[in-house]
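Heads up, the thing below is written out as structure tokens.
Side-chain atoms are counted along with the backbone in the values below, which use heavy atoms only and exclude waters and symmetry mates.
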Amino acid sequence: MFAKETYRGFKEDWQAQNNAEKKATKDRRKEKADHLMTACQAYIEKFGINPVDLVHADHMSDEASGPEDDDESEDDWKRQMAEKMGMPANWQVENLSFLEVTQSLWRSDELGHIFHTLYDLWRAALTMKQKKHFHMIRVTDTDRQSRRIPDFTPYTFGINADWL
């Protein structure tokens with residue numbers, strides 16, 4: 001079992017080194033974790049609990065910037081994302097960019113809630129000028145799921161008991 005898990009870890013690292021898309025995904029998760037780390041002090045001030053040990057790049061949700069399968073067109077996917085964000089059906093979506101936040105099946109709602117709270121605190125701390133650097137519209141609460149299992153094991157409460 002240890003050898004299998006070690007191989008999976010090496011395989012992901014190798015793919016990140018040799019596949020630009022895999023590298024971008026891994027870098028995006030690390031960047032997301034770094035953003036959440038900057039909000040930890042605000043989280044401590046608000047809740048009196050230090051979440052630093054919970055934030056790990058491997059535990060971040062994946063984000064998709066296009067349709068899940070080849071059967072769906074890019075424009076149809078964009079329309080669905082716009083609809084989820086409450087935009088009118090006749091909205092011009094061709095020039096918009098979306099990130100669909102996938103659900104990590106292994107992750108508990110409690111850990112997800114902590115991450116979402118940290119994200120909200122981080123986002124609220126940004127200046128208007130900093131916010132302008134983010135051109136993608138993040139769409140949450142979709143049914144899209146990620147089957148990726150983290151290499152770094154979270155605390156027990158962070159694992160979805162139904163997933164086990």
Side-chain angles (χ1 to χ4, degrees), residues 1 4-6 8-9 11-13 15-16 19 21-69 72 77-87 93 96-127 130-131 133-164:
M1 185 63 144
K4 187 175 183 179
E5 293 302 317
T6 303
R8 284 186 183 153
K11 182 179 177 184
E12 186 175 320
D13 289 342
Q15 286 177 333
N19 181 327
E21 187 177 322
K22 297 282 185 186
K23 181 175 180 6
T25 300
K26 191 170 186 173
D27 290 348
R28 192 180 306 156
R29 283 196 300 264
K30 182 178 179 342
E31 183 179 7
K32 204 173 359 173
D34 290 345
H35 290 163
L36 297 188
M37 289 298 277
T38 64
C40 285
Q41 188 58 43
Y43 192 93
I44 293 168
E45 290 169 10
K46 187 170 184 174
F47 299 105
I49 299 169
N50 189 344
V52 169
D53 292 334
L54 303 177
V55 180
H56 191 279
D58 210 29
H59 300 161
M60 300 294 109
S61 298
D62 288 328
E63 295 169 333
S65 56
E68 190 167 8
D69 47 33
E72 185 177 18
W77 177 80
K78 283 184 174 186
R79 278 188 196 82
Q80 286 179 5
M81 296 301 105
E83 187 179 303
K84 288 273 188 192
M85 294 303 297
M87 297 175 181
V93 296
L96 297 177
S97 298
F98 294 95
L99 278 179
E100 183 178 6
V101 180
T102 62
Q103 297 174 9
S104 298
L105 298 176
W106 63 267
R107 193 169 70 195
S108 70
D109 291 341
E110 292 84 1
L111 184 58
H113 180 70
I114 291 169
F115 289 162
H116 290 293
T117 302
L118 283 167
Y119 177 82
D120 292 342
L121 290 169
W122 168 75
R123 186 84 177 158
L126 295 177
T127 64
Q130 290 172 318
K131 288 179 183 177
H133 291 286
F134 298 97
H135 303 287
M136 311 273 293
I137 300 168
R138 291 181 83 238
V139 182
T140 57
D141 298 328
T142 66
D143 294 331
R144 193 162 176 176
Q145 300 174 339
S146 172
R147 301 205 183 284
R148 183 185 63 81
I149 300 171
D151 294 328
F152 184 80
T153 307
Y155 288 98
T156 306
F157 89 94
I159 301 172
N160 182 353
D162 294 336
W163 176 76
L164 293 174

| Is there a donor-acceptor pair under 3.5 Å between the side chain of Gln145 and the backbone N or O of Ser104? | no
| message | Walk me through whether Leu111 and Tyr155 qualify under side-chain contact (heavy atoms from CB on, under 4.5 Å). | response | CA-CA 9 Å; Leu111 184 58; Tyr155 288 98; over 6 Å; no
| Taking atom CG of Leu121 and atom OG1 of Thr38, what is their separation to the nearest 0.5 Å? | 9.5 Å
| said: Just verifying a value: how many Å separate Ile114 CD1 and Ile49 CD1, rounded to the nearest 0.5 Å? | reply: 7.5 Å
| query | Less than 4.5 Å apart, any side-chain heavy atom of Val101 and any of Val139? | reply | no
| field | Donor-acceptor contact present, side-chain Ser108 to main-chain Phe157, <3.5 Å | value | yes
| When rounded to the nearest 0.5 angstrom, what is the spacing between NZ in Lys46 and CG in Asp120? | 8.0 Å
| request: Decide whether Ser146 and Asp62 meet the rule of one side-chain donor and one side-chain acceptor closer than 3.5 Å. | output: yes
| Quick one: are Ile137 and Leu99 in side-chain contact, heavy atoms under 4.5 Å? | no
| query | Quick check: does any side chain N or O of Arg107 sit under 3.5 Å from a backbone N or O of His59, one acting as donor and the other as acceptor? | reply | yes
| Short side-chain to backbone donor-acceptor contact, His56 and Pro150, under 3.5 Å | no
| Interatomic distance, Arg79 atom CZ to Leu96 atom CG [nearest 0.5 angstrom] | 11.0 Å
| message | I'd like to check Trp106 versus Asn160 (side-chain heavy atoms, cut-off strictly below 4.5 Å). Are they in contact? | response | no
| query | Can you tell which of Arg144, Glu63, Arg147 makes a side-chain contact (heavy atoms from CB on, under 4.5 Å) with Thr102? | reply | Arg144
| Reported CD1-to-CG distance for the pair Ile159 and Leu105, which is rounded to 0.5 angstrom | 13.5 Å
| message | Could you check whether any side-chain N or O of Gln130 sits under 3.5 Å from a backbone N or O of Thr127, counting only pairs where one atom can act as donor and the other as acceptor? | response | yes
| said: Checking side-chain polar atoms at under 3.5 Å, does Trp77 have a donor or acceptor matched by the opposite partner on Glu100? | reply: yes
| task | Please work out which of the three classes, parallel, tilted or perpendicular, describes the rings of Phe134 and His35, given edges at 30° and 60°. | result | perpendicular
| message | Tell me whether Arg148 contacts the main-chain N or O of Asp58 through its side chain, where contact means a donor paired with an acceptor under 3.5 Å. | response | yes
| Shortest non-hydrogen contact from Pro51 to Ile44? | CD-CG1, 4.1 Å
| said: Tell me the closest heavy-atom pair linking Thr117 and Phe47, and the distance in Å. | reply: CG2-CE1, 3.6 Å
| query | Can you name the nearest heavy-atom pair linking Lys30 to Ala57, along with the distance? | reply | CA-CB, 3.6 Å
| task | For the residue pair His135 and Ser97, establish whether any side-chain heavy-atom pair is separated by less than 4.5 Å. | result | no
| query | Could you walk me through whether Phe115 and Met60 pass the side-chain contact (heavy atoms from CB on, under 4.5 Å) check? | reply | CA-CA 8 Å; Phe115 289 162; Met60 300 294 109; 3.7 Å; yes
| field | Expected output: side-chain Lys32 to main-chain Ser61 donor-acceptor under 3.5 Å | value | yes
| task | Of all the heavy-atom pairs spanning Val55 and Cys40, show the shortest one and how long it is. | result | CG2-SG, 4.5 Å
| query | Can you tell me how far CG of Leu36 sits from OH of Tyr43, rounded to the nearest 0.5 angstrom? | reply | 11.0 Å
| said: Classify the ring geometry of Trp122 against Tyr119: parallel below 30°, tilted from 30° to 60°, perpendicular beyond 60°. | reply: tilted
| Do Asp141 and Lys84 meet the salt-bridge criterion of a basic N to acidic O distance under 4.0 Å? | no
